[in-house]
Amino acid sequence: MPAAFPPHSQSFPAFYLYSLNDSSIPKHISLLNNQRVKIGRQTNAKTVPGERNGYFDSKILSRWHAEVWEESNKIVIKDVKSSNGTCMNGERLSAEGVESEPLKLDDIVDFGIDIVCEDNKTIVHHKIAAYITCIFNVEDALGAEREAYNFQQQQNRQTVARPTDTLNAAAHGRPMLQPQICEHSGPPKLCPLRSSPRLSGQLSHGELSDRGRQRESACFQQLLSCLPFEPLGLFRRDGWPRR
């Protein structure tokens, strides 16, 4: 999440909006001089989404989806007969096509709903999910700065990076080796995930039939592919040791 907006802008009252699902950029929308801000989707060049307006690049929202304003030292919101609705902390404000009563703006707001494919899993169009902070003075703005920072730190901690060894194995296109206890005395070794047959070097050429040699060669090639290094020409292409 980008840094919060400058707290000294004196554009109070206002509300800060931070996306919870990467559906929009952060917004700082002023409600100065009793203005009522429209929430809706972009429809033309005059409604291009920006940091200081209530428009979004979303197919989920109605053209005029909701309205926000300041009243009696509190910021309120109402749904204006939108198709996909407005939710406050998981509670829908009104039914589809019905204008809601004004409600104090607080915490988590969802504009619209997620639209999924026929598999009921894949989301093709995301709702606008946002964390809201109401600003009435400089102290509120400074507090919003801290909240935005803490929220970003929490999001970063929840992001778990893939292990380095998994990335390396994927990059080399080789199956991973896992620590397993081999059937011998001494410390554990790295053994292939699949059991390997005896190496071809353990048998003489005369003892193997043609079919056996082909099978041994294929198994040996599979074993070589598990090595984290190249054998440096010690073996021929068919898996037999060079003489």
Side-chain angles (χ1 to χ4, degrees), residues 1-94 98-113 126-155:
M1 178 189 303
F5 301 91
H8 51 74
S9 59
Q10 302 298 325
S11 299
F12 311 133
F15 65 97
Y16 289 6
L17 182 151
Y18 296 107
S19 174
L20 296 175
N21 59 353
D22 293 328
S23 55
S24 76
I25 60 174
K27 291 178 178 287
H28 173 203
I29 302 177
S30 174
L31 301 174
L32 195 63
N33 300 324
N34 298 318
Q35 66 172 310
R36 299 168 78 97
V37 173
K38 293 181 179 180
I39 305 295
R41 75 169 186 265
Q42 178 186 1
T43 56
N44 52 50
K46 294 182 179 180
T47 58
V48 175
E51 296 176 352
R52 309 290 178 174
N53 63 39
Y55 297 110
F56 296 86
D57 181 14
S58 172
K59 296 181 179 180
I60 301 300
L61 273 62
S62 301
R63 293 185 180 184
W64 187 10
H65 194 98
E67 191 174 40
V68 181
W69 70 96
E70 187 268 338
E71 181 180 282
S72 302
N73 294 322
K74 63 181 180 180
I75 296 177
V76 296
I77 183 175
K78 73 173 181 179
D79 185 277
V80 287
K81 302 181 180 180
S82 69
S83 299
N84 293 318
T86 302
C87 294
M88 181 82 66
N89 295 323
E91 296 291 333
R92 187 159 177 164
L93 302 187
S94 61
V98 177
E99 184 172 310
S100 72
E101 294 295 325
L103 184 67
K104 180 182 178 182
L105 188 63
D106 188 28
D107 291 342
I108 307 298
V109 175
D110 295 334
F111 298 114
I113 57 176
H126 289 269
K127 64 186 177 182
I128 303 297
Y131 173 73
I132 301 292
T133 301
C134 297
I135 309 297
F136 293 95
N137 49 52
V138 174
E139 287 74 19
D140 290 342
L142 291 173
E145 290 265 1
R146 291 191 295 271
E147 288 183 6
Y149 175 79
N150 292 335
F151 178 79
Q152 180 62 58
Q153 293 298 106
Q154 181 180 4
Q155 293 293 101

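These figures come from a predicted structure and were not determined experimentally.
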Flag, side chain of N53 to backbone of V48, donor-acceptor distance under 3.5 Å = yes

More than 12 heavy atoms from other groups under 6.0 Å of CG on D22 | no

Non-hydrogen atoms of F12 and F136 that approach each other most closely | CB-O, 3.6 Å

So do E101 and L93 actually touch side chain to side chain, heavy atoms under 4.5 Å?
-> no

Check the pair E99, K78 against side-chain contact (heavy atoms from CB on, under 4.5 Å), reporting the backbone distance first and the verdict last.
-> CA-CA 7 Å; E99 184 172 310; K78 73 173 181 179; 2.9 Å; yes

All heavy atoms of A144 vs all of I135, minimum pair found to be CB-CD1, 3.7 Å

Side chains of E71 and W69: donor-acceptor distance under 3.5 Å anywhere?
-> yes

Where is the tightest heavy-atom contact between R52 and H28, given as atom of each residue plus distance?
-> NH1-ND1, 2.7 Å

Measuring from E70:CD to S30:OG, what's the distance to the nearest 0.5 Å?
-> 10.5 Å

Value rounded to 0.5 Å, distance of CD1 in I132 from OH in Y16 | 12.5 Å

At what distance, to the nearest 0.5 angstrom, does NZ of K27 lie from CD of E51?
-> 8.5 Å

If we ignore angles and hydrogens, is there a donor and acceptor under 3.5 Å between the side chains of D79 and T86?
-> yes

Criterion side-chain contact (heavy atoms from CB on, under 4.5 Å) against H65, the qualifying member of F56, Y55, F111 = F111

Side-chain donor-acceptor contact under 3.5 Å, E147 with Y131 | yes

Between CD1 on residue I39 and OG on residue S58, distance to nearest 0.5 Å = 12.0 Å

Answer yes or no: are there more than 12 heavy-atom neighbours, outside R63 itself, under 6.0 Å from its atom CZ?
-> no

Between D140 (side chain) and G143 (backbone), is there a donor-acceptor pair under 3.5 Å?
-> no

Spacing of D110 atom CG and E91 atom CD [to the nearest 0.5 Å] = 11.5 Å

If you measure from NZ on K74 to SG on C134, what distance do you get to the nearest 0.5 Å?
-> 11.5 Å

Looking at side-chain heavy atoms only, is the closest gap between V68 and I29 below 4.5 Å?
-> no

I60 vs S23 side-chain heavy atoms within contact, under 4.5 Å = no

Side chain of S19, backbone of N21: donor and acceptor closer than 3.5 Å?
-> yes

